[in-house]
Each structure stands twice: as C-alpha cells, then as structure tokens.
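Quick notes on the structure that follows.
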Amino acid sequence: MKKQTIIVTGASSGIGKEIARYFLEKGDNVVINSTTADKLEAVYQELGAGDNLAMVAGNVSDKATGENLAQTALDKFGSVDVLINNAGIFETRPFLEVDEAYLDRFLNTNLKGTYFTTQAAIPQMLKQHDGVVINIGTPLVNHALGGVPITAQMASKGAIHALTIQLAGEFGKDNIRVNTIAPGTIRTPMHGDDADQSAGLHLLNRVGEVEDVAQMVYAVAKNNFISGAIINVDGGMAAGHNLN
Ligand SMILES: NC(=O)c1ccc[n+]([C@@H]2O[C@H](COP(=O)([O-])OP(=O)(O)OC[C@H]3O[C@@H](n4cnc5c(N)ncnc54)[C@H](OP(=O)(O)O)[C@@H]3O)[C@@H](O)[C@H]2O)c1
C-alpha cells in the first residue's frame, strides 16, 4: 500500500495516540499534535521519535496550528493525505448552569478546531486531487442519555457530524473524502477510572478499547469509496443497551 502522510490532532493521549501508533506500525508518516508541548514530546519519544514521525504543539482552535500541521507534513513528508480531527474535550454540566464561556470552550475546541484544521489541510489536498478527512464524533448526538448533562458537548459534536456531510458534498468532485467515526464509550484518560461503569450502555456489555477505534479509522482512511458517512464503532450502543 502507498505510504501516506497522516495528521492526527489530540494525539498525546487516548484514541489519538493509538491512531498515531497504528498508522506508524503500518508504515505511514505521521504528524502528531496536542496543546501541551511536554506531553506531546513524551508521546513523540514513546512512539519511537523516528524519521516517519513529526510533531506540532498548538491549540487546534487557532487556525495557525492547522496551517503549521499542514506545512510540517508537506515540508517533512511531501504531502497531506489524511487529516484526523480527533482533539476534543468532554465534561458534564447541567444545561441551566452553562454560561457563554463554558459553551465557547466546547465550540472552540471541538467545532472550530475541526473546522479550521480542515480548512488548513484542504488546499494541499486540492493540489493533490486526493485527500481524506476523518472526524471523531459520537453516536450520542442522535441518542440522548438522561442523567448525563452534556448539551455543550453534544451541540459541538452534532455540528461536526453536519460539517462532515456538507464538506463531503462540497469536495467529493475533488476526490477528497470526509467521514466521521463515532465511538461508544472508549477506555481513555478522558474517563479516568470510571469507563467500565458504562459497559451496559453497549450491547456487547463492555466499553471499547482505543484499538477498536484505530482499526476503523485506518480502514476508512485506506478505502477509496467511503465518503459522507457517519460510522459507529460503539459496541451496538446506538441500536440498544444491555440491562445488567
Ligand atoms: N473516550 C470516549 O469514550 C470517546 C467517545 C466518543 C468520542 N470521543 C472523542 O474522541 C476524541 C479523543 O478522546 P479521548 O478519549 O482519547 O480523550 P483524551 O484521552 O482526553 O485525549 C484528548 C486529546 O486531545 C488533546 N486536546 C484537547 N484539546 C485540544 C486542543 N484545543 N488542541 C489540540 N489538542 C487538544 C489533548 O491533549 P492536550 O491536553 O495536550 O491538549 C489529548 O491529546 C475526542 O474528540 C472525544 O470527544 C471519545
């Protein structure tokens, strides 16, 4: 398979780190990003600090970070083939207690981060007449959970699902594919030690592992005929729940 250049945002932890590892193991070039430079540097070392790996620290809600990521991919590896918009935050707060600053944090990181990083990557993909954007969403945008107050999170992620479909429409003729992978509850630092409490949300009665998501991201990146799709990797959660 042709060696490609993959940009992964939010790659210093959890799902993003595993996605970076997965593509590196398969032989691709990877550019990793996260906000915290020392955390990113530690993961750069953990992933081997090899010739096929580069890093760019920065906040994805700042368009300059996306531009820096695309330029680094181009300068170091010669192309921008796959952008994985994985950087994201998750917290709970009751709807009536959400203020503008709190809502803005979600819109800035989750929505604007995805929007502007994609805006920075697409010009090079247009030159190549080839490219893939994979966003990380959630099946919960279409599947509410009473007792889990996440309106700010869902408003930002729902916008990512909508953006995915419209971008796929606008750039399909240019051979740029845009998809969203929507994971169920995945065991990552985002959930601390609490992830297994969500096992029963999934028909498989377990939470997912980061490898479950990385495998699907890789498959979608390499398949040339998937676009405009929202693909659940959710242990059956969108279909139903397991009552323990
Ligand atoms: N885990 C789940 O159950 C689950 C389920 C569905 C969807 N997701 C989505 O999957 C993605 C990854 O989640 P995760 O569980 O792997 O989370 P995680 O372990 O908390 O990792 C989040 C990553 O995003 C980075 N990040 C956060 N804000 C950023 C920003 N503004 N700019 C650049 N990097 C930023 C963090 O690094 P710094 O701290 O250095 O910024 C970290 O590397 C998120 O979009 C999340 O919403 C997760």
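Worth knowing before you read on, the calculation uses all heavy atoms, side chains too, and leaves out hydrogens, waters and symmetry mates. Each ligand, and each atom within it, is numbered from 1 in the order the structure gives.
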Heavy-atom distances under 4.0 Å are what count here, so tell me which part of [X] touches ligand 1: side chain, backbone, both or neither.
X      : value
Asn59  : both
His191 : side chain
Asn33  : side chain
Lys157 : side chain

For [atom], what is the nearest protein heavy atom, given as residue, atom name and distance?
atom                    : value
atom 6 (C) of ligand 1  : Pro183 O, 3.4 Å
atom 19 (O) of ligand 1 : Ser13 OG, 2.6 Å
atom 13 (O) of ligand 1 : Met190 CE, 3.6 Å
atom 44 (C) of ligand 1 : Asn86 O, 3.2 Å
atom 48 (C) of ligand 1 : Ile15 CD1, 3.8 Å
atom 10 (O) of ligand 1 : Ile136 CG2, 3.3 Å
atom 29 (C) of ligand 1 : Thr35 OG1, 3.3 Å
atom 15 (O) of ligand 1 : Thr188 OG1, 2.5 Å

Practice problem: Determine yes or no for a side-chain-to-main-chain donor-acceptor pair under 3.5 angstrom, with His202 supplying the side chain and Thr185 the backbone. | Solution: yes
Quiz item: Can you tell which of Val30, Val217, Ile15 makes a side-chain contact (heavy atoms from CB on, under 4.5 Å) with Ile84?
Solution: Val217
Quiz item: Pick one: which of Ile122, Thr118, Leu167, Leu83 meets side-chain contact (heavy atoms from CB on, under 4.5 Å) with Ile176?
Solution: Ile122
Exercise. Quick one: list whatever passes side chain to side chain contact (heavy atoms under 4.5 Å, CB included) with Pro139, sequence neighbours left out.
Key: Ala182, Asn232, Asp234, Met237, Ala238
Give a yes/no verdict on whether any heavy atom in [X] is under 4.0 Å from an atom of ligand 1.
X      : result
Gly113 : no
Ala182 : no
Lys17  : no

Would you say that more than 12 heavy atoms from the other residues, nucleotides or ligands in this model lie under 6.0 Å from the [atom1] of [X], or not?
X      : atom1 : answer
Tyr115 : OH    : no
Asp51  : CG    : no
Gln45  : CD    : yes
Lys127 : NZ    : no

Can you list the ligand 1 atoms lying under 4.0 Å from a non-hydrogen atom of [X]?
X     : answer
Ser12 : 37 (O), 40 (O), 42 (C), 43 (O)
Gly58 : 32 (N), 33 (C)
Lys39 : 37 (O), 38 (P), 39 (O), 40 (O)
Gly14 : 16 (O), 19 (O)

Below 3.5 angstrom, do we get any N/O pair linking [X] and ligand 1?
X      : result
Thr185 : no
Ser61  : no
Thr36  : yes
Gly137 : no

Practice problem: Check whether the side chains of Gln71 and Glu67 place a donor and an acceptor atom closer than 3.5 Å, and report yes or no. | Solution: no
Would you give the length of the straight line joining atom [atom1] of [X] to atom [atom2] of [Y], rounded to the nearest 0.5 angstrom?
X      : Y      : atom1 : atom2 : value
Glu209 : Gln215 : CD    : CD    : 11.5 Å
Thr164 : Ile136 : OG1   : CD1   : 10.0 Å
Lys157 : Phe90  : NZ    : CZ    : 10.5 Å
Thr5   : Asn52  : OG1   : CG    : 10.0 Å

Exercise. Mind telling me whether Phe23 and Tyr218 have parallel, tilted or perpendicular rings, with 30° and 60° as the class edges?
Key: tilted
